[in-house]
Protein chains: 2
Amino acid sequence: MSAHTSRRQRLRQATLGEIHSAARELLVEQGSAAVTINAVARRVGMSGPALYHYYASHDELVGAVTADFFRELVAAMEQARDARADAPIGERLPAVCRAMRAWAVAHPAEFGWIFASPVTAPNRRPDSARHQAALRFEQVLLDLTVELWGTRPFPVPDLAELPASLREQLATYSAAIDGRLPPEAAHVFLSCWIRLYGLLCMEVLHQLDFAYTDLEPVFEECLRDLVTALGLDDTAARQ
Amino acid sequence: MSAHTSRRQRLRQATLGEIHSAARELLVEQGSAAVTINAVARRVGMSGPALYHYYASHDELVGAVTADFFRELVAAMEQARDARADAPIGERLPAVCRAMRAWAVAHPAEFGWIFASPVTAPNRRPDSARHQAALRFEQVLLDLTVELWGTRPFPVPDLAELPASLREQLATYSAAIDGRLPPEAAHVFLSCWIRLYGLLCMEVLHQLDFAYTDLEPVFEECLRDLVTALGLDDTAARQ
DNA sequence: TAACTTACTTAGAGGTCTTAAGGAAACATA
DNA sequence: TATGTTTCCTTAAGACCTCTAAGTAAGTTA
């Protein structure tokens, strides 16, 4: 067990990279059905079963590649955030949201795969790379919301006015994020998340083609709503 | 070309029904990947290629079954609407929305298939059964909104304040629905549609499992928002 | 009754995922 | 240096898939 990465390990990593690239190319060029074990192996230059030395099943390969996409999306969002580390949060938050949509629009096949592909049982296990990456995705906007809540609390509904069932679920979620947001603030965060992510899902899944050809202004309007809900509309949220 | 349905045609219809049932059972019991031509044929009691006398390809079968699901969903919504034909629209509209969610929650596999399955090129053709059924789906809530707009116009934004790109798209859509809603009213309708349908998509695709176990109260809150946006909050919109 | 249409069959090509068995090369160690 | 072990890759094969081709049995129509 040497501390430095051995030659073997480096070669293996390189091959894994090639495999992921090949799978992604196939996805983008020919759709998700074209990402088969055999097709990927062919493109990498080895024959079918050899791929089983890298992934135990087709499912596992798909999960690994999906996790890659998640990571890339998260990186794009974090980059947008860190590029304005000193800007007020009213500017950083919309920037991160726009980075999210920009990545989704630039990589529709990849973004579509992230949530439209049926997540098989093994990839739903909390310790799967797929699930971990998904958590980090949600984390980015949660972090910003927590920061905002700590420095400039936004308006929240009265917990007593929410249905009991919702209150309980919010309490559970609040605990799951280590109480970084109280239930009523978590409710506002989740509402925003649902609107933002939901709109993006529908756009990429072509569920809005019947009415829109370009959803950028719709997204911007959604963003304005959220910024208002979070009490950020005084600071510049314009593009 | 006899006017009465011939014996042959009746038999064919019955077989088509059996095929659809078998496909649906497979989808519900074993997931979308299990809906193969061979598996469906086996379940119906004929051997593989025989199914090609009913559908030209696997894709076409999937499209036909999906259209069935759409029709069933639409029927559930229309039934909710017609069951209260005399009720004020402030009651009918939420009832239809709830019927939509009720069907989706009762038939998650089917609802998931409706939009999460990659819509292949042939099924995107405007004359495909798939596309026609999707239009009728949107139509139900559009009809109600048009009725509301005709009897009790809801508040709309000033067109001049919307970005030019959005204005153009709304004008096009308004024309596509024969001007039954002016662009600014269409904008409100589409915003409501996006929030409602988007929430449902995310629920069924398990994108909200990380926070919620039961989305019923979240849906109800969304519904209250929409009812308010449509100026219906005075009439009873409670469950 | 004869011709035609429809429904189905089996055979088969070429693809998929996956397991099994074996060879070759690189690494580790005595 | 010589030997053993690990790693990577191969081909073969089974079971499944979509879909085409050819042939048969049955019902419909003239």
Side-chain angles (χ1 to χ4, degrees), chain A residues 1-20 22-23 25-27 29-66 113 117-123, chain B residues 1-20 22-23 25-27 29-66 117-118 120-123:
Chain A
M1 220 192 274
S2 58
H4 74 288
T5 61
S6 74
R7 171 179 156 74
R8 269 259 169 81
Q9 284 174 322
R10 267 179 293 130
L11 281 178
R12 193 181 175 83
Q13 281 305 317
T15 308
L16 280 171
E18 271 188 78
I19 291 172
H20 285 210
E25 285 168 23
L26 284 167
L27 170 67
E29 292 168 13
Q30 305 173 44
S32 63
V35 185
T36 70
I37 292 258
N38 284 333
V40 171
R42 257 197 308 275
R43 194 167 275 229
V44 170
M46 48 185 168
S47 231
L51 235 147
Y52 285 83
H53 280 264
Y54 298 91
Y55 293 105
S57 69
H58 180 251
D59 247 36
E60 208 173 275
L61 168 63
V62 168
V65 173
T66 308
W113 228 22
S117 67
V119 182
T120 53
N123 279 319
Chain B
M1 218 191 275
S2 58
H4 74 289
T5 61
S6 74
R7 170 178 157 74
R8 269 262 169 81
Q9 284 175 323
R10 268 180 293 129
L11 282 179
R12 192 179 176 83
Q13 281 306 316
T15 308
L16 281 172
E18 272 189 77
I19 290 172
H20 285 211
E25 285 168 23
L26 285 167
L27 170 67
E29 291 168 13
Q30 305 173 44
S32 63
V35 186
T36 70
I37 293 259
N38 284 332
V40 171
R42 257 196 308 276
R43 194 167 276 229
V44 170
M46 49 184 166
S47 232
L51 234 146
Y52 286 84
H53 280 262
Y54 297 90
Y55 294 105
S57 68
H58 180 250
D59 246 37
E60 208 173 275
L61 168 62
V62 168
V65 174
T66 307
S117 67
T120 53
N123 278 319

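Remember, predicted model here, so these are calculated numbers, not experimental data. Throughout, protein chains are lettered first and strands after them, A, B, ... in sequence-line order, and every chain is numbered starting at 1. The figures that follow rest on heavy atoms only: side chains count, while hydrogens, waters and symmetry mates do not.
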Anything under 3.5 Å between a donor and an acceptor, one on a side chain of residues 33-43 of chain B, the other on a protein residue two or more places apart or in another chain? List them.
{"residue": "T36(B)", "atom": "OG1", "partner": "A39(B)", "partner atom": "N", "Å": "3.0"}
{"residue": "R43(B)", "atom": "NH1", "partner": "E25(B)", "partner atom": "OE1", "Å": "2.8"}
{"residue": "R43(B)", "atom": "NH1", "partner": "E29(B)", "partner atom": "OE1", "Å": "3.4"}
{"residue": "R43(B)", "atom": "NH2", "partner": "E29(B)", "partner atom": "OE1", "Å": "3.2"}

Smallest separation among heavy atoms of S57(A) and Y52(A), with atom names: CA-CE2, 4.1 Å
Check: A56(A) main-chain N/O paired with E60(A) side-chain donor or acceptor under 3.5 Å: yes
Selection: residues 45-58 of chain B, any non-hydrogen atom under 4.0 Å of DNA chain D: P49(B), Y52(B), S57(B), H58(B)
For the student: nearest non-hydrogen atoms of A22(A) and V44(A), plus distance: CB-CG2, 3.8 Å
Sequence neighbours excluded, every pair satisfying salt bridge (Lys or Arg N to Asp or Glu O under 4.0 Å) that has a member inside residues 30-40 of chain B: none
R12(B) side chain near dT6(C) phosphate (N/O to OP1/OP2, under 4.0 Å): no
V65(A) side chain reached by Y55(A) side chain, heavy atoms, under 4.5 Å: no
Separation of dT18(C) P from L61(A) CG (nearest whole Å): 10 Å
Spacing between I37(B) atom CD1 and dC8(C) atom P, to the nearest angstrom: 14 Å
Rounded distance in Å - CG (L16(B)) to P (dT6(C)): 14 Å
Atom pairs under 3.5 Å, N or O on each side, protein against nucleotides 23-27 of chain C: can you list them with distances?
{"residue": "dC27(C)", "atom": "OP1", "partner": "R7(A)", "partner atom": "NE", "Å": "2.6"}

Length of the CG-C1' vector between N38(A) and dT19(C), whole Å: 14 Å
ring-ring contact (aromatic ring centres under 6.0 Å, His included) against H58(B), all qualifying residues, sequence neighbours excluded: none
Any residue meeting ring-ring contact (aromatic ring centres under 6.0 Å, His included) with Y54(B), in chain and number order, not counting sequence neighbours: none
For atom CZ of R10(B) and atom C1' of dT6(C), their distance in whole Å: 16 Å
